[in-house]
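A quick write-up on the structure given underneath.
None of these values were measured; they are calculated from a predicted model. Only this structure's heavy atoms are used, side chains among them; waters, hydrogens and symmetry mates stay out.
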Amino acid sequence: MPVNLTPNAIAAINGGDVNSKPLVQVLDIKLIGSTQERYRLLISDSAASQHAMLATQLNDRVKTGAVKKGSVVQLIDYICSTVQNRKIIVVLNMETILLDCEIIGNPKMFTESESTAQKPMPNANLGNPMRVNNFSTPNSGNYSTPTSNSGAFRAPNSSTFNTSNSGTFGGQNPSTFNTSNSGTYRAPNPSTFKAPNVGNDGQSFRPTVQPPYQPPPNYRNHGPILKNEAAARIIPIAALNPYQGRWAIKARVTAKGDLRRYNNARGDGKVFSFDLLDSDGGEIRVTCFNAVVDRFYDTIEVGKVYLISKGSLKPARKDFNHLKNEWEIFLETTSTVDLCPEEDGSIPRQQFSFRPISDIENAENNSIFDVIGIVMSVNPSVPIMRKNGMETQRRILNLKDKSGRSIEVTLWGEFCNKEGQKLQEMVDVGIFPVLAVKAGKVNDFSGKSIGTISSSQLFINPEFPEAHDLQEWFDRGGKNASVSISREFTAGVF
DNA sequence: CCCCCCCC
């Protein structure tokens, strides 16, 4: 991951700076000290390097592997002092931003002569002029077009798409739409399509590490701020780990699970989870229990962007969590969740990895798929009594794609009354809408079908290139030919 | 700390 170390940081610290919280890289770590165990680091700002003593309370960071050779760290509390006529940096507190990183730049050992010539350290981490951000388009919350829409969708302006190898930018450029080879692409925010085509010049990528999180104005200036409560830097979700002290992430909610109550040997309680995606494509599940549910459940809305900090990281249980992250965040009462009211076009609404329906034929039971197809028929919602005695809604529809296969899609719960209802109304008047299913779960009861789970999302007539291709295929005759891979062909109105 | 994702 690309990182910009703070330019001139070493010289600035030698010149007395104690406030800049620079990003530096750890080039080396040595255990020293005779009476007390102590670590000496060699730190670099990519141009200059210098030795630094680690405060002993941070020894565990080295021992647990939370910081190692190559790590990019943010110095939080530090001071340059002279020991035996040599200047040395003492690191009192720091955060690991990236655990592993190639050596950045070609740092040379810092010398005093440079210190006299030191320039003020630019506050490079407090803002990035390259950053393309903050489209003012309101947050629409979903891609769905209104029911009254004829089913036609507006093809996005092709000039805002980058169908070549845009991997260099990692999808960070909000105007970039990476549809290269893997079949994975990141659905841009709708506002992206209306944005001017800026930043494709190769100059506009921004470092992965983002500016420090500033608390909302109404929480500022409420008495003195303790030094260790200074704003945590926003880091990529992909860089989160349990050994990190303070962190903040800025991410969009891509899915929100229902509030569930449980009763087990440990007692009873309530729980809900939601899924996050950030501008670097990192994803992670967040879970809240009991009092924390009360605190955050109503705040969290799908499609909105939040600044989140002070949660704890636990290993993700892969059997219950399909997100690409080995960790899961548990929020606590001290955690903060702050809505970012301004739309951030750099964070996609979803990342898709569409697979042809024909692939599901041989897919493992319970595997998770993203599919996109044309809705051929929609059955009415029916109440289903669950084995635990709770009633829920079920609605089955039939989805067909260019692979020439169709499949039953089972909507559960609220999906029946929201998207399901809308889809039924469209099909009832002869419109065959495009439906994208994010994170559907494969079921193999008598043939294959796919069902919604709490992480699922449905998009009706989305403005994706795939949707456009599908519609064309459909109009050219795809409408009339397909083979179902589900147990019964849901004979519909076509 | 949950862990349900449902039905035939």
Problem set entry | Proximal nucleotide (of B/dC6, B/dC2, B/dC5) relative to the A/Ser454 side chain | B/dC5
Problem set entry | From B/dC3, B/dC8, B/dC1, nucleotide with atom closest to A/Asn290 side chain | B/dC1
Rounding to a whole Å, what distance do you find between [X]:[atom1] and [N]:[atom2]?
| X | N | atom1 | atom2 | result |
| --- | --- | --- | --- | --- |
| A/Phe296 | B/dC2 | CZ | P | 20 Å |
| A/Asp275 | B/dC2 | CG | P | 18 Å |
| A/Asn365 | B/dC5 | CG | C1' | 13 Å |

For this session: Go through the structure and list residues passing side chain to side chain contact (heavy atoms under 4.5 Å, CB included) with A/Pro315, not counting sequence neighbours.
Result: A/Trp327
Problem set entry | Counterpart residues, side chain to side chain contact (heavy atoms under 4.5 Å, CB included), relative to A/Tyr297 (two or more places apart) | A/Lys256, A/Leu259, A/Phe272, A/Val293
Exercise. Would you say a side-chain N or O of A/Asn443 is under 4.0 Å from OP1 or OP2 of B/dC6?
Worked result: yes
Exercise. Given B/dC3, is OP1 or OP2 found less than 4.0 Å from the side-chain N or O atoms of A/Arg260?
Worked result: yes
Exercise. Counting any heavy atom closer than 4.0 Å, what does A/Glu414 reach on the DNA or RNA strands: base, sugar-phosphate only, or nothing?
Worked result: nothing
For this session: Under the side chain to side chain donor-acceptor pair (under 3.5 Å) rule, collect the residues that match up with A/Lys68, sequence neighbours excluded.
Result: A/Asp100
For this session: Could you list the residues that satisfy side chain to side chain donor-acceptor pair (under 3.5 Å) with A/Gln421, not counting sequence neighbours?
Result: A/Arg395, A/Glu425
Exercise. Planes under 30° and centres closer than 5.5 Å, is that true for A/Phe445 with the base of B/dC8?
Worked result: yes
Exercise. Can you name the ring-ring contact (aromatic ring centres under 6.0 Å, His included) partners of A/Phe289, sequence neighbours left out?
Worked result: A/Phe330
Problem set entry | Nucleic acid contacts of residues 262-273 of chain A, taken as heavy-atom distances under 4.0 Å to DNA chain B | A/Tyr262, A/Asn264, A/Arg266, A/Val271
Problem set entry | Salt-bridge present (A/Asp344, A/Lys250; N to O < 4.0 Å) | yes
